[in-house]
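Numbers for residues simply follow the sequence, beginning at 1. When a ligand or atom number is given, it counts from 1 through the structure's own listing order.
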Amino acid sequence: MGEIGWSKVFLTPRFGPRERFAFIITDAPLQTDPLVEPGTLCDRCKLCVRDCPAGAISATESVKVTVAGVDLEWGRFDEEKCAAVYQAGTPETSPFLPEELGQKIQNLVDMPPGQERSEMLAYDGGAFGLGRQLQYCKNAWESYHHPGTICGARGCQRACFIHLEEQGKLENRFHTPFRIRKPWKLG
Ligand code: SF4
């Protein structure tokens, strides 16, 4: 169906990263088809790393697994950084972030891998709970039972999608390019 990109997001030739999956567990005798050759879509441009406002995707450290004899690799992913920034944004991506909470999130983003975070995260109820301290996050949970993507998925989705679109690798295309102006950031 596709391949795992450096961002750890699954990419398909039809939609790139713009796709979500549900799973059905079955013992039906289904026929498998070959795995997509790694590198068919993801050329390791690492624009996902550059544009992720959480700094959640490592440029250099990776995770490697072998599936059905095929070696797969993606960038080491920091779930805590993503969880906080996905839900609440950063001072650069959310105009509604209170200064104190914005500083905490920025501190988390700036922390190197492996640094002890428990004191900060315990204070805030964990990175996964950071966003729920904000009314706009609570509204998202209450209306569609999922956090809003306040980070704008700038790295793992948009940067990746734009790159694949520019390369003409995707079957499903918009009539006009997805990106027509410079992405904004708060000063
Ligand atoms: S969802 Fe947002 S914070 Fe998480 S990896 Fe993607 S761009 Fe980064």
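- Within 6.0 Å of CD in Glu99 there are 12 or fewer heavy atoms belonging to other residues, nucleotides or ligands.
- Excluding waters, the set of protein N/O/S atoms under 2.8 Å from atom 2 (Fe) of ligand 1 reads Cys151 SG.
- No donor-acceptor pair closer than 3.5 Å links the side chain of Thr149 to the backbone N or O of Gly152.
- Residue Phe77 has at least one heavy-atom neighbour below 4.0 Å for each of these atoms of ligand 1: 5 (S).
- A donor-acceptor contact shorter than 3.5 Å links the side chain of Glu3 to the backbone of Cys42.
- No donor-acceptor distance shorter than 3.5 angstrom exists from the side chain of Lys81 to the backbone of Ile57, with no hydrogens or angles considered.
- Of the possible polar contacts, one joining the Gln87 side chain to the Ala83 backbone as a donor-acceptor pair under 3.5 Å is found.
- Applying the side-chain hydrogen bond (donor to acceptor under 3.5 Å, both in side chains) definition to pairs two or more places apart or across chains, those involving residues 54-64 are Glu61-Arg76, Ser62-Glu73.
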